[in-house]
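To start, the structure itself, in structure tokens.
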Amino acid sequence: MTLKVAIVGVGNIGSIHASVYKENPNTDIVAVCDIVKEKADRAAEKFGGVAFYSVSDMLASGLALDLVSVCTKGEENGGEHFAPTMELLNAGIPVLGEKPISNNIEEGKQMVELASEKKIPYAVNLNHRFTPAAEKAKAWVESGRLGKLHMINMRMWINNPIETSPWFHLRALHPHSFDVIRYFCGDVKRVGAFMMKGEGRKIWSNAQIILEFENGAIGNLVGSYDAGASYGLELCEVVGSKGRFVLEDACEQLTFYPRASIETESYRYLGGMRAFPETFKSRIHAFIDQLVTGASNDEIDGSGEDALKAQFIIEAAIKSFETGTIVNVKDVELIAGGVK
């Protein structure tokens, strides 16, 4: 089965999506779309397909579409996802969106609810979980090899000098962090946050966020937009009653440390994955495979719902910092649902 694919928003990230689709034997790019005419025209020339300059025109053309990547950007890298995603879902077309699902949780909730109501597969590019190393670590957790989960320590940081909203660092970077955290340890119950501005910064470019999980585990996230290239991208440590694992830079190194022994088990570049950029391919291929095999909307890995739950944690962290209190994530979910 060959899926007819379109890409909406063909900047840097959209071009990465297009490159992956162009190489996959199960996809055929039939359209590219961007409100900037020159971008759409260049993408059509490079990747194939018909150039469109609005989603409405693309849908009105009658072109058959089996999957659309929405790689728009906007405020906090998520402000322009809502409108095209809603148009596509209303048209019954599966969507792979970029993170964050939206910088507005009310809009994120509407997208997830529409996909659920219409039973349309809706995924988000939560690519940090789509690595052979992360999948092996997840299997260790699910098999009980770590025992009862006690804690998670997560670190994610890059050097990003962009100054936009006060919460740009939180809303744009840490959908990845909190998705990885949820992937291994489940839903977060309560959040407490501390933040600071780096030298010369106008935004809260550094954060430490403490977490309590629904299952009783505890944890923390350290995040920054002021990190150096030598710092590495991320580190995830999950500790249980029987052992712990450490996952470095999403895919490069995974080590298991048993509690009752000094003998460790270590993997480098598991599955042949060498570096983070390769995760775009593994994530997009995973969604393609799920669509080809007929996965239902509620079976999607890295779904819109997963992305929305990560965003709820971010909004809880912002509220915690603003109020100086510990915040229940469910209270943020209720506010997003219109219950004050």
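Everything numeric here is computed off the predicted structure, so don't read it as measured data.
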Could you tell me whether the side chains of [X] and [Y] share a donor-acceptor contact shorter than 3.5 Å?
{"X": "T2", "Y": "D28", "value": "no"}
{"X": "D41", "Y": "Y53", "value": "yes"}
{"X": "Y231", "Y": "S224", "value": "no"}
{"X": "S266", "Y": "T264", "value": "no"}
{"X": "N12", "Y": "S15", "value": "no"}
{"X": "D298", "Y": "S296", "value": "yes"}

Cluster question for you: counting only ILVMFWY and a side-chain heavy-atom cut-off of under 4.5 Å, with indirect links fine, are [X] and [Y] together?
{"X": "I7", "Y": "L63", "answer": "no"}
{"X": "V30", "Y": "V292", "answer": "no"}
{"X": "L88", "Y": "Y21", "answer": "no"}
{"X": "L173", "Y": "I13", "answer": "yes"}
{"X": "I120", "Y": "L3", "answer": "no"}

Taking the side chain as every heavy atom from C-beta outward, state whether [X] and [Y] have any atom pair closer than 4.5 Å.
{"X": "N127", "Y": "H176", "value": "yes"}
{"X": "L211", "Y": "M154", "value": "no"}
{"X": "R283", "Y": "L126", "value": "no"}
{"X": "F245", "Y": "E237", "value": "no"}
{"X": "E87", "Y": "S56", "value": "yes"}
{"X": "S61", "Y": "V50", "value": "no"}
{"X": "K138", "Y": "E142", "value": "yes"}
{"X": "T279", "Y": "F130", "value": "no"}

If you take all heavy atoms of [X] and [Y], which pair is closest and at what distance?
{"X": "V55", "Y": "P84", "value": "CG2-CB, 3.8 Å"}
{"X": "H128", "Y": "T131", "value": "O-CG2, 3.8 Å"}
{"X": "V191", "Y": "V329", "value": "CG2-CG2, 3.8 Å"}
{"X": "G108", "Y": "S102", "value": "N-CB, 4.0 Å"}
{"X": "A31", "Y": "M58", "value": "CB-SD, 3.9 Å"}
{"X": "V36", "Y": "D34", "value": "N-OD1, 2.9 Å"}

Step-by-step side chain to side chain contact (heavy atoms under 4.5 Å, CB included) determination, F184 to L247:
CA-CA 11 Å; F184 290 127; L247 175 58; 4.2 Å; yes

Could you tell me whether a side-chain N or O of [X] sits under 3.5 Å from a main-chain N or O of [Y], the two making a donor and an acceptor?
{"X": "R259", "Y": "S241", "result": "yes"}
{"X": "T27", "Y": "N24", "result": "yes"}
{"X": "Q290", "Y": "D301", "result": "yes"}
{"X": "S177", "Y": "M156", "result": "no"}
{"X": "N328", "Y": "K330", "result": "no"}

With side chain to side chain contact (heavy atoms under 4.5 Å, CB included) as the test, pick out the partner of [X] among [options].
{"X": "L96", "options": "I284, V70, V5, I300", "answer": "I284"}
{"X": "V112", "options": "K309, E117, E305", "answer": "E305"}
{"X": "I152", "options": "I218, V180, N220, I181", "answer": "I181"}

Do R244 and Y257 meet the cation-pi criteria used here (NZ or CZ under 6.0 Å from the six-membered ring centre, within 45° of the axis)?
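Flagged: R244 positioned over aromatic ring of Y257.
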
Side chain to side chain contact (heavy atoms under 4.5 Å, CB included) between I209 and H174, intermediate numbers included
CA-CA 11 Å; I209 299 167; H174 294 300; 5.9 Å; no

Let me know which of W157, F168, W204 forms a ring pair (Phe, Tyr, Trp, His ring centres under 6.0 Å) with Y225.
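Going through W157, F168, W204 one by one, the ring pair (Phe, Tyr, Trp, His ring centres under 6.0 Å) with Y225 is satisfied by F168 alone.
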
Under a 4.0 Å threshold between the charged nitrogen and the carboxylate oxygen, would K99 count as salt-bridged to D179?
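Between K99 and D179 there is no salt bridge, as every charged N stays at least 4.0 Å from the carboxylate O atoms.
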
Is E265 salt-bridged to K136, cutoff N-O under 4.0 Å?
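Looking at E265 and K136, the cut-off is not met.
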
Is it the case that more than 12 heavy atoms not belonging to [X] sit under 6.0 Å from its [atom1] atom?
{"X": "I35", "atom1": "CD1", "answer": "no"}
{"X": "K202", "atom1": "NZ", "answer": "no"}
{"X": "E107", "atom1": "CD", "answer": "yes"}
{"X": "R268", "atom1": "CZ", "answer": "yes"}
{"X": "E322", "atom1": "CD", "answer": "yes"}
{"X": "K197", "atom1": "NZ", "answer": "yes"}

Could you state the interatomic distance from [atom1] ([X]) to [atom2] ([Y]), rounded to the nearest 0.5 Å?
{"X": "H169", "Y": "T164", "atom1": "NE2", "atom2": "OG1", "value": "12.0 Å"}
{"X": "R155", "Y": "L233", "atom1": "CZ", "atom2": "CG", "value": "9.0 Å"}
{"X": "S320", "Y": "I210", "atom1": "OG", "atom2": "CD1", "value": "7.5 Å"}
{"X": "F178", "Y": "L221", "atom1": "CZ", "atom2": "CG", "value": "4.5 Å"}
{"X": "K118", "Y": "E113", "atom1": "NZ", "atom2": "CD", "value": "13.5 Å"}
{"X": "I101", "Y": "S303", "atom1": "CD1", "atom2": "OG", "value": "8.5 Å"}

Would you call the rings of H17 and F280 parallel, tilted or perpendicular, taking 30° and 60° as the class edges?
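Judged by the thresholds at 30° and 60°, the geometry between H17 and F280 is perpendicular.
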
Whether F321 and W167 hold their rings parallel, tilted or perpendicular, with breakpoints at 30° and 60°:
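Because their plane-to-plane angle is over 60°, the rings of F321 and W167 count as perpendicular.
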
I would like to know whether N77 and R171 meet side chain to side chain contact (heavy atoms under 4.5 Å, CB included); could you show each step before the answer?
CA-CA 8 Å; N77 289 357; R171 289 181 176 145; over 6 Å; no

For a salt bridge (charged side-chain N to carboxylate O under 4.0 Å, His left out) check, start with the C-alpha distance between D306 and R129, then their side-chain angles and the critical distance, and finish with the verdict.
CA-CA 11 Å; D306 288 321; R129 68 159 74 182; 3.7 Å; yes

Assess the residue pair D249 and F276 against the criterion (side chain to side chain contact (heavy atoms under 4.5 Å, CB included)); give the C-alpha distance rounded to whole Å, side-chain angles, the decisive distance to 0.1 Å, and a yes or no.
CA-CA 7 Å; D249 291 333; F276 173 73; over 6 Å; no

